[in-house]
Amino acid sequence: MTADAATEPQDTSPAKEDPILRVEGLVKYFPITQGIVFKKKIGDVKAVDGVSFNLHPGETLGLVGESGCGKTTTARTILRLEEPTDGAAYYQGRDIFAMSKKELRELRSEISVIFQDPYASLNPRMTVGNIISEPWTIHGGVPKKDRRSRTQELLEVVGLNPNHINRYPHQFSGGQRQRVGVARALAVNPSIIIADEPVSALDVSVQAQVVNLLEDIQEEFGIAYLFIAHDLSVVRHLCHRIAVMYLGKIVELGDEYGVYDNTSHPYTQALLSAVPVPDPAGRSDRQRIVLEGDVPSPANPPSGCRFRTRCWKAQDKCAGEVPALEDRGQGHPVACYYPQVEFATEVPKESRNLEPPS
């Protein structure tokens, strides 16, 4: 393990309970091979390279960044859908990467997933009732005689007609299909739900419905969310804390107010400057930050800070050591040698006061 991969970031969550999920120095490399018969390894795609964070009960942690930064790979590796290259992940103190197949099956009744595509993630040959009740066939928990009534209850919880239990996925709209995915995730009474860009394929009005549904479910059942997204306005509405990823690493980690109103990493500043501001009169004086150059290849990332090749603040020091994810006076951890608050973001806030779980 590299020295920077083992760095433990400062946890800014004010939650008093111990974390339900703890990830330390997570690394996932995919080998690059050459040849058809005798495959020779010639390198690695460094998809996730030293990611650490905590998730507390009843909390929503947003994992954000542009496509290809390693968000989904992080989630898949935590669930052991991909085997880790290095690092550790603990669920309620138990080492996930040391679990047997039997223990992993039990874990997947504690950690559910909502997938990005609300159609591809549902079997078109199964009725909605069978899709939602399938986890009970695998994990048990609900007797066969009670499964129909329990399925109908879940359909009601997610705002669907319980009489549509015998319909097929193609008979529902995109937003309704995503609600079916939410109901399936809830079937096993999980402690954590990993939501992998659950609203990115939906219309804006439907996105709001699904996000509000997730919020209501969290308030009712106390479920913790790892919410993967690239829409920063959605993340601000739902998440208590935000971790910003770039090329396999977390570059900024803090609560909603720290990351949005005290933005310190240049990459986070660029992301926030790209969020549309609802101002038809064009009065917004926010400066758009346009990044130059292409995203480096994860197979050959830059030395030192991985963002330095596109950063307008980069100096010679940035090409040396990888900057540690730590608080340099901003109030939350930032992986930058020269962090600076440049503007107060205008990402729309909701009228409600979003308080982290106590």
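Note that the coordinates shown come from a computational prediction; the quantities given were computed from them, not determined experimentally.
A salt bridge is absent between D44 and K28: the closest approach of a Lys/Arg side-chain nitrogen to an acidic carboxylate oxygen does not fall below 4.0 angstrom. With salt bridges taken as basic N to acidic carboxylate O contacts below 4.0 Å, one links R22 and E24. No salt bridge links D294 with R310; every basic N to acidic carboxylate O contact stays at or beyond 4.0 Å. A salt bridge links R241 with E59; the closest basic N to acidic carboxylate O contact falls under 4.0 Å.
Looking at every heavy atom in both residues, V158 comes nearest to R179 through O-NH1, 2.6 Å. C336 and P339 make their closest contact through O-CD, 3.3 Å (heavy atoms, listed as atom of the first residue, atom of the second, distance). In this structure, V210 and G175 approach most closely via the heavy-atom pair CG2-O, 4.5 Å. Counting all heavy atoms, side chain and backbone alike, K71 lies closest to L63 at CD-O, 3.4 Å. Scanning all heavy atoms of the two residues, the minimum distance from Q207 to V199 falls at NE2-O, 3.0 Å. The two residues S133 and T151 have their closest heavy-atom pair at CB-OG1, 3.8 Å.
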Take H164 and F172 through the side chain to side chain contact (heavy atoms under 4.5 Å, CB included) test and state the conclusion after the steps. CA-CA 10 Å; H164 293 168; F172 293 88; 4.0 Å; yes
L186 vs I223, side chain to side chain contact (heavy atoms under 4.5 Å, CB included): CA-CA, chis, key distance, verdict: CA-CA 10 Å; L186 289 173; I223 297 172; 3.5 Å; yes
Verify side chain to side chain contact (heavy atoms under 4.5 Å, CB included) between F115 and R184, making sure each step is shown before the conclusion. CA-CA 11 Å; F115 296 97; R184 177 176 59 184; 4.0 Å; yes
Side chain to side chain contact (heavy atoms under 4.5 Å, CB included) for L253 and I242? Distances and angles first, verdict last. CA-CA 6 Å; L253 174 64; I242 299 95; over 6 Å; no
Before giving the answer on salt bridge (Lys or Arg N to Asp or Glu O under 4.0 Å), spell out for K101 and E103 the whole-Å C-alpha distance, their side-chain angles and the decisive distance to 0.1 Å. CA-CA 5 Å; K101 290 184 178 180; E103 290 173 323; over 6 Å; no
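The shortest distance between side-chain heavy atoms of L122 and V180 falls below 4.5 Å. Within the 4.5 Å cutoff, the side chain of H170 has no heavy atoms near those of the P124 side chain. Contact of the R108 side chain with the V188 side chain is not registered, since no non-hydrogen atoms from C-beta on lie closer than 4.5 Å. The closest side-chain heavy-atom distance from R328 to Y337 is below 4.5 Å. The closest side-chain heavy-atom distance from L154 to L160 is not below 4.5 Å. Side-chain contact between D146 and P143: present, with at least one pair of heavy atoms (C-beta onward) separated by less than 4.5 Å. Considering only heavy atoms from C-beta on, S112 comes within 4.5 Å of I193 through its side chain.
With rounding to the nearest 0.5 angstrom, the CZ atom of F221 is 7.5 Å from the CG atom of N189. Taking CG of D117 as the start and CD of Q178 as the end, the distance is 8.5 Å to the nearest 0.5 Å. One distance of note links CZ of F53 with CG of L21; it measures 5.5 Å at 0.5 Å rounding. Residue D86 holds its CG atom at 12.0 Å from OG1 of T77, rounded to the nearest 0.5 Å.
Judged purely by distance below 3.5 Å, without hydrogens or angles, the side chains of E66 and Y267 pair a donor atom with an acceptor atom. With hydrogens and angles left out, the side-chain atoms of T72 and D196 include a donor and acceptor closer than 3.5 Å. Using modelled atom types and a 3.5 Å distance limit, the side chains of Y29 and D49 yield a donor-acceptor pair. The closest side-chain donor-acceptor pair between S303 and R308 falls under 3.5 angstrom. When only modelled atom types and interatomic distance are considered, S297 and N300 share no side-chain donor-acceptor pair under 3.5 Å. Between T73 and E82, the side chains place no donor N or O within less than 3.5 Å of an acceptor N or O (distance only, hydrogens not considered).
Between the side chain of S264 and the backbone N or O of N262 there is at least one donor-acceptor pair closer than 3.5 Å. Using modelled atom types, no side-chain atom of E256 and backbone atom of C239 make a donor-acceptor pair closer than 3.5 Å. Listed for the N212 side chain is a donor-acceptor partner under 3.5 Å among the backbone atoms of A208. Without hydrogens or angle criteria, W136 side chain to A187 main chain gives a donor-acceptor distance under 3.5 Å. When atom types are taken as modelled, the side chain of E197 and the backbone of Q116 share no donor-acceptor pair closer than 3.5 angstrom. Between the side chain of S52 and the backbone N or O of G25 there is at least one donor-acceptor pair closer than 3.5 Å.
When each of N161, I165, I132 is tested with Q152 by the rule side-chain contact (heavy atoms from CB on, under 4.5 Å), just one qualifies, namely I165.
Under the 4.5 Å side-chain heavy-atom criterion for Ile, Leu, Val, Met, Phe, Trp and Tyr, F30 and L247 are members of distinct hydrophobic clusters. The hydrophobic clustering, which links ILVMFWY residues whose side-chain heavy atoms are closer than 4.5 Å, places Y260 and V334 apart.
For E292, the CD atom is loosely surrounded, since the number of other residues' heavy atoms within 6.0 Å does not exceed 12. Around the CD atom of Q171, the shell of radius 6.0 Å holds more than 12 heavy atoms that belong to other residues, nucleotides or ligands.
In this structure, K40 forms no cation-pi arrangement with F38, as its terminal cationic atom is not both closer than 6.0 Å to the ring centre and no more than 45° off the ring axis.
The aromatic rings of F307 and H265 are tilted relative to each other, their planes meeting at an angle between 30° and 60°.
Here side-chain hydrogen bond (donor to acceptor under 3.5 Å, both in side chains) pairs that include residues 90-99, with residues two or more places apart or in two chains, are Y91-E110, Y91-S191.
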